[in-house]
Amino acid sequence: MVFKRRIPRSWLQWLADGIYPPGGWGRAAQYMNHRLRRLPDAPHRIARGVFAGVLISFTPFFGLHFLGAAMLAWVMRGNVLAGLIATFVGNPITFPFIGTVSVELGNWMLGQGGEMSPLAIVAAFGRAGGEIWHNVGAIFTSEVTKWENLRGFYHRVFLPYLVGGIPLGIGAGIAGYYLSLPFLSAYQKLRKKRLADRLDKRIAQRAAARARAALAAEGQGKKL
């Protein structure tokens, strides 16, 4: 393949790039912004995709954010690619804040107490993921399934995260929709104007070239 890396990246490199992209988060944000602006679709459809991607980023369905954003954008008749790009809102820098606020809000909405630090939330997801993989492997081996951590994880972390994350995600998604819509509309109008100006310039250049050629041919005819 022409664009395939000569030296494939290791798992550690993939993890490091996920935590801190090679060009930094600022450059990554600029790239995502550039991709959103140049999507070939109506501004309101792209903005719907942004809403879907931002909303899903506030849910605890880690590993399924791309799929969830694509499905929600499709259901809303938004731009699916915009939904995938907008999940960039959820990244290693923002997830600790999103998770902590979502869990605290969810506990308050559920009428139960308990505060958790970002590290405690990450550790809880890690233990739950490990137990899930253990139980999957137990299907094909003689190992005994374990559900203790998953039961506690569901009630103490996952459910509060989901209950608190959905209203936060809806609010952030609405903000993303109304912030991106006028920006996308203005950019597309400006881009169309620039393309039209370029086309007019090329037409004028070709007309001038034809006129010069006609004058040159007329001059040669007079000499003959």
Side-chain angles (χ1 to χ4, degrees), residues 9 11 13-37 39 41 45-106 109 116 118-133 136 150 153-154 156-181 184:
R9 287 186 294 180
W11 285 105
Q13 288 174 323
W14 277 102
L15 180 61
D17 290 348
I19 296 174
Y20 189 81
W25 283 108
R27 185 175 179 182
Q30 291 177 357
Y31 173 76
M32 294 300 176
N33 179 40
H34 177 74
R35 289 295 303 272
L36 274 176
R37 288 185 300 169
L39 287 177
D41 207 345
R45 284 177 52 85
I46 299 175
R48 289 176 188 172
V50 171
F51 172 86
V54 173
L55 170 57
I56 292 299
S57 296
F58 279 75
T59 65
F61 300 110
F62 296 107
L64 299 175
H65 282 175
F66 270 18
L67 179 61
M71 292 180 62
L72 183 58
W74 180 76
V75 169
M76 297 176 62
R77 296 185 178 181
N79 187 282
V80 173
L81 183 55
L84 299 180
I85 295 174
T87 58
F88 171 78
V89 169
N91 57 70
I93 294 178
T94 61
F95 274 139
F97 172 77
I98 292 174
T100 302
V101 176
S102 296
V103 170
E104 290 185 359
L105 177 60
M109 294 176 67
M116 296 188 69
L119 290 178
I121 294 173
V122 172
F125 271 97
R127 289 192 298 270
E131 195 164 272
I132 289 174
W133 279 112
V136 171
L150 287 177
F153 168 77
Y154 175 79
R156 291 189 301 104
V157 182
F158 185 85
L159 183 59
Y161 197 134
L162 181 63
V163 172
I166 288 179
L168 290 175
I170 291 175
I174 292 174
Y177 177 89
Y178 283 106
L179 287 174
S180 63
L181 184 59
L184 291 167

Which distance, rounded to the nearest 0.5 Å, do you find between the CG of Leu159 and the OH of Tyr154?
4.5 Å
Would the distance check show the side chain of Thr100 and the main-chain N or O of Phe97 forming a donor-acceptor pair, the cut-off being under 3.5 Å?
no
Looking at every non-hydrogen atom in both residues, tell me the closest pair between Phe58 and Tyr161 and how far apart they are.
O-CE2, 3.5 Å
Non-hydrogen atoms of Gly165 and Ser102 that approach each other most closely
CA-OG, 3.5 Å
I'd like to know whether Glu104 forms a side-chain contact (heavy atoms from CB on, under 4.5 Å) with Met116, so could you lay out the CA-CA distance, the side-chain angles of the two residues, the decisive distance to 0.1 Å, and finally the verdict.
CA-CA 8 Å; Glu104 290 185 359; Met116 296 188 69; over 6 Å; no
Taking His65 for the side chain and Thr59 for the main chain, is one N or O donor matched with an acceptor at less than 3.5 Å?
yes
State yes or no: are the ring centers of Phe95 and Phe62 separated by less than 6.0 Å?
yes
Under 3.5 Å, side chain of Thr87 to main-chain N/O of Phe66, donor-acceptor pair present?
no
Once rounded to the nearest 0.5 Å, what's the spacing between atom CG of Leu168 and atom CG of Leu55?
10.5 Å
Checking side-chain contact (heavy atoms from CB on, under 4.5 Å) between Ile46 and each of Ile85, Asn79, Leu181, Leu81, which is the one that passes?
Asn79
Over all atoms of both residues, closest heavy-atom pair of Val157 and Ala124
CG2-CB, 3.8 Å
Could you tell me which non-hydrogen atom of Glu131 sits nearest to which non-hydrogen atom of Leu150, and how far apart they are?
OE2-N, 2.9 Å
Where is the tightest heavy-atom contact between Met109 and Gly164, given as atom of each residue plus distance?
SD-CA, 4.4 Å
Between the CD1 atom in Ile98 and the CD1 atom in Ile121, the distance rounded to the nearest 0.5 Å is 11.0 Å
Approximate separation, where rounding is to 0.5 Å, of Phe61 CZ and Leu162 CG:
5.0 Å
If we ignore hydrogens and angles and just use 3.5 Å, is the side chain of Arg45 paired with the main-chain N or O of Arg77 as donor and acceptor?
yes
Please report the closest heavy-atom contact between Ala69 and Ala52, naming both atoms and the distance.
O-CB, 3.9 Å
Can you confirm whether or not the ring centre of Phe125 sits under 6.0 Å from the ring centre of Phe153?
yes
Report, as yes or no, whether the 6.0 Å neighbourhood of atom CE on Met71 holds more than 12 heavy atoms from other residues, nucleotides or ligands.
no
